[in-house]
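Read the structure below first, then the notes.
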Amino acid sequence: MRRLQVGVMIVTLCASAAACGGASDDDANAASVPAAPLTNPVDPATAGNIVGRISFDGPLPQPAVVRMDSDPNCVQLGVTITDETLVVGSDGALQNVFVYVKDGLGDLRFPIPSTPFVLDQEGCRYVPHVVGVQVGQSVEILNSDPTLHNVHAIPSTNQEFNTGQPLPGMRHTHQFTTAEVMVPFKCDVHPWMYAYVGVVDHPFFAVTGADGSFRLEGLPPGTYTIEAWHETLGARTQTVTIGEQETGDIAFLFPA
Amino acid sequence: MLLHLFSLLVAASTALLIFAGGLVTSTGSGLSVPDWPSTYGWFMLTFPIDKWVGGIFYEHSHRLIASAVGFLIVVQAVWLWMAEPRHWVRRLGYIAVAAVTTQGILGGITVLWFLPAPISIAHASLAQLVFCLTVSIAVFTSPGWRRAYAARQAPLDTDRPLQTIAMLTTVFVYAQIVAGATMRHTGAGLAIPDFPLVFGSVVPPYWTWPIAIHYAHRIGALVVSACVLAAVGHVLYHHRDRPELRRPSLLLLGLLAIQITLGALTVLSGKQYLINSFHVVTGACVLGTSLVLTLRSCRPRFAASRTGATGSARLHESPRSYESTQEWSPTPGVPGARV
């Protein structure tokens, strides 16, 4: 009996030691990406555009200054960053809205950009805060800060991943395999750091800038459902029809 | 005596570990170190201290404290193996090693799998069992237990109602902690935002899973309170002159009051991380105290079963003993009974 007990202890200790000696590689980038055509199926002679503007209907929010005391390295950067949850211009222009064609493209398939999109961690925040990429396009997450970050993507349908970037200049490349609006990114080291990546299977998307405007170019004639997504105000859709070489103009108003 | 003091240290360290774990969850730092068992590629113990920033501070501290507690529990098991004559106490030491090892592996898995709720809940629930094991060992190695608390009263003064109430209290407290862990790891901590009412009423006007588990935790608090009050009332009425029962009873009552206050403040403060973490560790203290009361109330029964069933056989066990048999087993009429 005593031998058995000693044996159990030895096995347990060995298991502990083995558990402490491994290594983890959580690069969740092994999933296959569907093949895509090499040429754009839209005839440029007939292509049209959709332009518009996103506005916020409510009192102008005063973005709070983000306190970064929990990481002296961030404080020492000397950069003051503000909360990007709701950024509204003086004329009500709503920034950081992801606008994309939700429906209307049928079975059309589009080439995947060969250049990666760079999502930077700079000044202890994600830059840009809201981005769009195509399915299969490389997203390169870069650490430009003199501190550690962990890049934690929390998709619903794509593969979740969480990878550490302890040194400045480190890069992590990832390709999303399924369309998903939106994929939140966070840094668990710095809980104020968030980004949102819209993943769609076509190139017709945009993110509103300081003037709240957007432009979707090169669409074939047709009727489209356009969705505008905001991280706190939700999503709204509109339908627009464009003919050959026409430009449709729409506006979204997000109430407070 | 030294072994008992060391066991107390182990139990206190385990409580500290539970507090550190509470801080990890309360600050949302569970995934701030994405790898395990390494830390950003470093060996855990050599991870540079200047990199303990943001959420890493909580998660990495938790891992280091866990390693230290694991080491202490292994030392305790070895010590028990070398010096403890009661084989069932030695066995508890081995079980504690297995439990804390499993606990560490669960902690690693929950990080590598992005905090799946079932694993995280299991991690939180097993932590309480590890704590209970360390508390039990501390009780069993105490001088009071060995002399059967026999200084002031007959050692076989069995109080079955008290044993039942105390056992039920311990079981309900544990169930309540598991419900709390479920609430915590499914994001239901503020599913009911007001206190003491529920959306301005006594019963939720509508039900969702988060509301249901949150409400169950509140109802559980009432059940636990009733059990604690019954146990404490019973002890104070029937055993006021027995300090080994009176002291944990009064402590239990005080901890319950603190725990309910912390629970209310957790909701009202919007889950302020320190309040939330103290709520977690106070829950463990309520459980541990209830367990101490249970074990002490069962002490006479324990002796009877041990001496009656296996007493003669146990006399032929290996002669290792740190004290004379007469010192630690003075039960009248049962010389040498190892309990």
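In this text the structure is predicted, and so the values were computed from the model without any measurement. What's counted below: heavy atoms across the whole structure, side chains too, no hydrogens, waters or symmetry copies. So you know, we letter chains A, B, ... as the sequences are listed, proteins then strands, and number each from 1.
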For this session: Could you tell me which residues satisfy salt bridge (charged side-chain N to carboxylate O under 4.0 Å, His left out) with B:Lys51, sequence neighbours excluded, listed by chain and number?
Result: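 Partners of B:Lys51 under the salt bridge (charged side-chain N to carboxylate O under 4.0 Å, His left out) test: none.
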
Problem set entry | Those residues that, when tested against A:Arg236, pass salt bridge (charged side-chain N to carboxylate O under 4.0 Å, His left out) (two or more places apart) |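 Once residues adjacent in sequence are excluded, A:Arg236 has no partner under the salt bridge (charged side-chain N to carboxylate O under 4.0 Å, His left out) criterion.
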
Exercise. Can you name the residues of residues 67-77 of chain A that have some heavy atom under 4.5 Å away from a heavy atom in chain B?
Worked result: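 Within residues 67-77 of chain A, the residues under 4.5 Å from chain B are A:Ser70, A:Asp71, A:Pro72, A:Asn73.
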
Exercise. Which residues from residues 143-150 of chain A are near chain B, with near meaning under 4.5 Å between non-hydrogen atoms?
Worked result: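 Those residues of residues 143-150 of chain A which have a heavy atom under 4.5 Å from chain B are A:Thr147, A:Leu148, A:His149, A:Asn150.
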
Exercise. Chain A heavy atoms under 4.5 Å from B:Phe71: which part of the residue, side chain, backbone, both or neither?
Worked result: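 Answer is neither: B:Phe71 stays 4.5 Å or more from chain A.
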
Problem set entry | Side chain, backbone, both or neither of B:Trp42 within contact of chain A (heavy atoms, under 4.5 Å) |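 When you check distances to chain A, only side chain atoms of B:Trp42 fall under 4.5 Å.
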
For this session: Might you confirm whether atom CZ of B:Phe278 has over 12 heavy atoms from other residues, nucleotides or ligands at distances under 6.0 Å?
Result: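 Result for CZ/B:Phe278: open.
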
For this session: Take atom CZ of B:Phe57 as the centre, draw a 6.0 Å sphere, and report whether it contains more than 12 heavy atoms from other residues, nucleotides or ligands.
Result: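 No, CZ of B:Phe57 has 12 or fewer neighbouring heavy atoms, counting only those of other groups under 6.0 Å.
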
For this session: Would you mind telling me which of A:Lys186, A:His190, A:His152 has the largest number of heavy-atom pairs within less than 4.5 Å of chain B?
Result: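 With the most close heavy-atom pairs to chain B, the winner is A:His152.
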
Exercise. Among B:Val53, B:Ile56, B:Asp50, B:Thr27, which has the most heavy-atom pairs under 4.5 Å with chain A?
Worked result: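 The candidate making the most pairs under 4.5 Å is B:Val53.
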
Problem set entry | Top contributor to chain A interface from B:Gly28, B:Ser32, B:Gly55, B:Gly41 [non-hydrogen pairs under 4.5 Å] |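 Highest number of heavy-atom pairs under 4.5 Å: B:Ser32.
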
Exercise. If you measure from CD on A:Gln159 to CZ on B:Phe114, what distance do you get to the nearest 0.5 Å?
Worked result: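 Output value for this atom pair is 6.5 Å.
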
Exercise. Are A:Phe161 and B:Pro34 close enough that some pair of their side-chain heavy atoms sits under 4.5 Å apart?
Worked result: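 Result no, sub-4.5 Å side-chain heavy-atom pair not found.
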
Problem set entry | A:Pro191 portion near chain B, given a 4.5 angstrom heavy-atom threshold |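 No part of it gets close to chain B.
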
